[in-house]
Colleague: 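Below: one structure in structure tokens.
Worth knowing before you read on, the calculation uses all heavy atoms, side chains too, and leaves out hydrogens, waters and symmetry mates.
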Amino acid sequence: MIHPSARSTLTEALQPPSGYRFDAGVATTYSLSLGALLGLPAHFALLGDHDNSAEEDPLRLVEGLRRASRRLAVFCERGRMEAPPAGNALAVLAEGMVHEVCAPHGGAFHPKIWALRYVAIDAAAEPATVVRLLVLTRNLTWDRCWDVSLRLDGVPGKAKEASNKPLADFLRWLPLNTEGASPDLERQAMIVSLAKDIERADWEKPPGFTQLAFHVLGTAKRAVPWSPLEGGGKAQDVLIVSPFVRAGALQTLREHCNGDFMLVSRADELDRLPAGACLADDSAYVLKPDTLLSEGEEAGQADTLQGLHAKVAVFQRGQRVHVAVGSANYTNAVVQNGSNVEVVAELSGPVSRIPAPRQWLDEHLQPLLDTYTPGGGEDAEGAERRQLQGQLEAIRRQIAAAAWTLHCETHPVSGWNLALSCPGLPLDGATLHAWPLAVVSERARPVQAGQVDLGTFAGHEVSSLVGFQVTPNSTRAEELAVPPLRFALEVSLEGAPDDRADALVAQLLGNRAAFLRYLALLLDDPQAAGCGARNRSEGSGGGSRDASGLMANYPLFEQLLRIYSREPERLEAIDRMVKRLKDKQFDGQPCLPDDFLALWEVVGNAIGKEAA
């Protein structure tokens with residue numbers, strides 16, 4: 001059942017089980033916010049103790065990203081990555097982790113899943129490996145709408161499970177169908193390995209359900225329309241929850257239903273349907289205007305969920321109730337054309353244990369709903385505004401399909417000169433601006449005839465992610481307050497510095513306290529790492545390298561000796577950090593303190609002898 005009061009967050013769903021650590025993951029989404037993505041790895045790769053201070057500490061965030069990004073691949077629709085006006089200083093860390101995809105049959109790349117693997121921290125623990133699947137209806141953004149999630153935990157067995165094959169094949173399909181740069185060989189091997197474990201997983205089903213199937217749409221050689229109601233005879237009763245609907249799709253669904261057909265959608269979507277639209281009186285519902293789900297104790301003190309984005313189909317066939325949850329809206333693109341790429345999980349169980357569709361509506365959803373009352377329909381200005389927005393979307397697709405290249409050259413004094421180009425890109429009716437996604441959009445410059453000199457930037461601000469803004473030129477668009485489109489694309493990068501991620505760390509290591517905090521993270525010392533974060537919030541973490549006495553107070557030598565004697569392999573991360581940063585400077589000062597380098601020379605020599 002769907003219990004509106006039972007809430008979960010993505011960060012909670014990603015947390016490793018007790019005694020396990022994150023090992024591999026693949027996520028898919030239609031739209032993507034880098035801010036929402038880049039805050040997650042610190043939660044499931046670095047902070048297993050549910051410590052939320054990573055959100056306030058850039059060093060913890062960066063180190064979490066460093067550890068997780070090599071074992072995480074994220075796929076989104078090309079042209080649907082958000083470009084926030086404030087930019088994202090960590091954009092360089094998303095390179096290699098984020099990949100863009102276009103649906104092969106002209107629709108949208110729209111799946112929303114997380115496939116995850118965790119391994120036991122204790123080598124003797126059983127099971128040694130567990131897997132988790134999140135089938136979501138939400139994108140990886142800051143969206144606060146009502147959504148539904150299905151979480152499945154399992155253990156890989158020795159034999160393949162036939163019901164898992166569509167999902168495993170989908171994971172294998174992803175790295176072969178990216179736009180631009182494909183995942184590197186290490187990530188490709190990770191995805192193949194994860195797909196193998198997913199295919200052999202024995203999933204723990206929710207109570208009452210006895211069967212599980214996965215539907216992967218839009219990846220075959222030809223487009224195949226899909227409806228959860230096809231096959232096995234007509235359904236007795238059907239409940240559809242879908243924020244976006246179309247008349248043709250509803251007609252197809254209605255033809256496979258002998259009983260009540262109930263629909264929950266958005267009022268503006270229902271207003272656009274032709275009269276009747278295969279719906280009986282009092283069979284369509286919308287969220288109440290004041291329906292809010294607060295995460296705080298009192299109104300006005302916390303974020304709230306509002307608006308509908310959940311996608312669920314509940315139907316009864318014979319003595320079994322089926323529940324389909326996933327990314328698919330019940331629109332023509334899915335039900336009639338089969339052009340979208342989607343993933344849907346279908347659970348079923350006996351009607352004696354799983355409530356019928358009418359019960360789902362009346363006993364749990366009804367308090368949140370109003371019966372839909374047709375509005376006056378879309379006025380002329382609304383239709384015109386939507387038409388102009390459609391023209392901007394067409395330009396977005398045109399820009400996303402173009403071959404962009406970001407050329408990098410060293411500046412004679414400091415930094416890097418960036419120039420963006422795309423041959424043969426005529427844009428009619430709109431103005432285009434571009435900027436590196438790591439900086440604020442105020443630094444955007446106009447693109448003329450597919451060319452723009454973006455300016456000079458620091459090494460850590462150079463990335464293959466570029467922000468774009470498309471602004472309509474027409475006076476009518478201005479009168480109707482049609483907003484510009486902002487989005488980001490991954491572009492081809494030529495001549496970029498190899499040490500851009502290290503340059504970002506060098507910028508963050510601006511004082512001795514920050515260096516110690518980063519060192520403590522590499523040593524997995526939560527007390528020292530947290531101390532650095534607290535001092536920073538109290539105002540004592542800034543200033544010059546000599547402004548803090550933390551280095552003198554922290555028993556670094558003793559900590560290094562203890563780790564060297566018990567787990568010398570843990571020092572390899574610090575050795576890699578020293579090799580990367582020992583020659584780096586920030587504001588004319590070396591990133592690594594001289595006294596630490598002298599100490600590390602002794603430890604490093606010991607590591608070298610041990611390896612020999």
Side-chain angles (χ1 to χ4, degrees), residues 1-17 25-30 40 44 110-118 130-141 143 145-155 161 163-168 170-171 194-195 197-199 201-217 226 228 238-243 264 293 305 308-315 320-330 334 340-350 353-355 357 359-361 364-365:
M1 295 290 288
I2 298 175
H3 296 272
S5 60
R7 291 160 287 160
S8 65
T9 65
L10 184 56
T11 52
E12 293 171 345
L14 295 175
Q15 285 286 351
V26 172
T28 64
T29 180
Y30 172 63
L40 292 174
F44 62 81
H110 200 248
K112 311 173 200 307
I113 67 165
W114 284 77
L116 303 160
R117 179 171 64 209
Y118 305 101
V130 297
V131 290
R132 179 175 298 164
L133 179 67
L134 305 178
V135 182
L136 310 175
T137 66
R138 66 163 294 152
N139 294 302
L140 188 45
T141 66
D143 184 67
C145 288
W146 286 75
D147 276 286
V148 174
S149 65
L150 170 65
R151 170 176 158 177
L152 298 168
D153 289 303
V155 176
E161 298 284 345
S163 60
N164 293 333
K165 188 177 187 303
L167 190 61
F170 174 65
L171 295 178
L194 178 60
D197 283 338
I198 292 293
E199 190 166 12
D202 180 16
W203 302 109
E204 181 181 350
K205 303 175 187 67
F209 291 102
T210 59
Q211 294 182 4
L212 170 66
F214 297 106
H215 304 281
V216 176
L217 320 176
W226 177 82
V238 175
L239 168 65
I240 298 292
V241 181
S242 180
V264 179
L293 178 60
L305 302 178
L308 179 69
H309 199 251
K311 306 161 187 68
V312 184
V314 185
F315 58 97
R320 296 188 68 81
V321 176
H322 300 249
V323 180
V325 178
S327 60
N329 289 292
Y330 291 94
V334 173
N340 280 8
V341 176
E342 312 274 5
V343 175
V344 178
E346 181 180 343
L347 293 156
S348 67
R353 300 190 63 188
I354 306 299
Q359 289 178 270
W360 286 68
L361 181 68
H364 289 273
L365 296 180

Colleague: To the nearest 0.5 Å, how far apart are CG in Leu365 and CG in Leu239?
Modeller: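 Atom-to-atom, Leu365:CG and Leu239:CG are 6.5 Å apart.
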
Colleague: What pair of heavy atoms forms the shortest contact from Pro228 to Ala313, and how long is it?
Modeller: CG-CB, 4.0 Å

Colleague: Taking salt bridge (Lys or Arg N to Asp or Glu O under 4.0 Å) as the test, write out the residues that go with Lys165, two or more places apart.
Modeller: Asp169

Colleague: As a test of understanding, state which of Ile240, Val241, Val264 forms a side chain to side chain contact (heavy atoms under 4.5 Å, CB included) with Val312.
Modeller: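 Single pass found, and it is Val241.
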
Colleague: Starting at CZ of Phe214, measure out to CD1 of Ile113 and round the result to the nearest 0.5 Å.
Modeller: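 Going from CZ on Phe214 over to CD1 on Ile113, the span is 9.0 Å.
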
Colleague: Listed by chain and number, what are the side chain to side chain contact (heavy atoms under 4.5 Å, CB included) partners of Ala328, not counting sequence neighbours?
Modeller: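 Listed in chain order: Trp226, Val334, Glu342, Val344.
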
Colleague: Return the set of residues passing side-chain hydrogen bond (donor to acceptor under 3.5 Å, both in side chains) with Glu346 (not counting sequence neighbours), or none when no residue passes.
Modeller: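 Residues passing side-chain hydrogen bond (donor to acceptor under 3.5 Å, both in side chains) with Glu346: His215, His322.
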
Colleague: The criterion is side-chain hydrogen bond (donor to acceptor under 3.5 Å, both in side chains); which residues satisfy it with Asp202, sequence neighbours excluded?
Modeller: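 Partners of Asp202 by the side-chain hydrogen bond (donor to acceptor under 3.5 Å, both in side chains) criterion come out as none, since no residue qualifies.
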
Colleague: Kindly say whether Ala201 contributes a backbone atom to a donor-acceptor pair with the side chain of Asn164 at under 3.5 angstrom?
Modeller: yes

Colleague: side-chain hydrogen bond (donor to acceptor under 3.5 Å, both in side chains) with Arg151: which residues, sequence neighbours excluded?
Modeller: Asp153

Colleague: So which heavy atom on Ala345 is nearest to which on Leu150, and how close?
Modeller: CB-CD2, 3.7 Å

Colleague: Decide yes or no for Val314 and Val321: does some side-chain heavy atom of the first lie under 4.5 Å from some side-chain heavy atom of the second?
Modeller: yes

Colleague: Could you state the interatomic distance from CG (Asp143) to CZ (Arg138), rounded to the nearest 0.5 Å?
Modeller: 6.0 Å

Colleague: Under a 3.5 Å distance rule, please check whether Arg132 uses its side chain to pair with a backbone N or O of Tyr118 as donor and acceptor.
Modeller: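 Not a single qualifying donor-acceptor pair exists.
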
Colleague: Shortest non-hydrogen contact from Lys311 to Gly326?
Modeller: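 Reported closest heavy-atom pair: CB-O, 3.5 Å.
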
Colleague: So, does Thr137 use its side chain to make a donor-acceptor pair with the main chain of Asp147 at under 3.5 Å?
Modeller: no

Colleague: What residues, two or more places apart in sequence or in another chain, satisfy ring pair (Phe, Tyr, Trp, His ring centres under 6.0 Å) together with Phe170?
Modeller: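 In terms of ring pair (Phe, Tyr, Trp, His ring centres under 6.0 Å), with neighbours along the sequence ignored, Phe170 is linked to no residue.
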
Colleague: Quick one: closest heavy-atom pair of Pro206 and Leu152, and the distance?
Modeller: CD-CD2, 4.1 Å

Colleague: Under the side chain to side chain contact (heavy atoms under 4.5 Å, CB included) test, which residues partner Ala115, sequence neighbours left out?
Modeller: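 Applying side chain to side chain contact (heavy atoms under 4.5 Å, CB included) to Ala115 gives Leu133, Leu171, Leu194, Ile198.
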
Colleague: Please check if the side chain of Ser149 supplies one atom and the backbone of Leu136 the other of a donor-acceptor pair under 3.5 Å.
Modeller: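 Between the backbone of Leu136 and the side chain of Ser149 there is no qualifying donor-acceptor contact (under 3.5 Å).
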
Colleague: Less than 3.5 Å apart, any donor N or O on the side chain of His110 or Asn340 sitting next to an acceptor on the other?
Modeller: no

Colleague: Please examine the side chains of Val323 and Trp360, heavy atoms only from C-beta on, and report whether any two atoms are closer than 4.5 Å.
Modeller: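 Of all side-chain heavy-atom pairs linking Val323 with Trp360, at least one is under 4.5 Å.
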
Colleague: Examine distances only and state if a side-chain atom of Thr29 and a backbone atom of Asn139 form a donor-acceptor pair shorter than 3.5 Å.
Modeller: no

Colleague: Would you compute the distance between atom CZ of Arg117 and atom CG of Asp197 and round it to the nearest 0.5 angstrom?
Modeller: 5.0 Å

Colleague: Please evaluate residues Trp114 and Val26 with respect to the criterion side chain to side chain contact (heavy atoms under 4.5 Å, CB included), reporting the C-alpha separation (whole Å), side-chain torsions for both, the decisive distance (0.1 Å), and the verdict.
Modeller: CA-CA 6 Å; Trp114 284 77; Val26 172; over 6 Å; no

Colleague: Give the intermediate values and the outcome of side chain to side chain contact (heavy atoms under 4.5 Å, CB included) for residues Leu14 and Leu134.
Modeller: CA-CA 9 Å; Leu14 295 175; Leu134 305 178; 4.0 Å; yes

Colleague: Using the side-chain hydrogen bond (donor to acceptor under 3.5 Å, both in side chains) criterion, which residues pair with Arg320? Sequence neighbours excluded.
Modeller: Thr210, Ser348

Colleague: Is a side-chain donor or acceptor of Ser242 paired with a backbone partner of Tyr330 at a separation under 3.5 angstrom?
Modeller: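 Yes; judged by distance alone, with no hydrogens or angles, the pair exists.
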
Colleague: In chain order, what residues pass the side chain to side chain contact (heavy atoms under 4.5 Å, CB included) check against Pro166, with sequence neighbours excluded?
Modeller: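 Scan of Pro166 (side chain to side chain contact (heavy atoms under 4.5 Å, CB included), adjacent residues dropped) gives Val216.
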
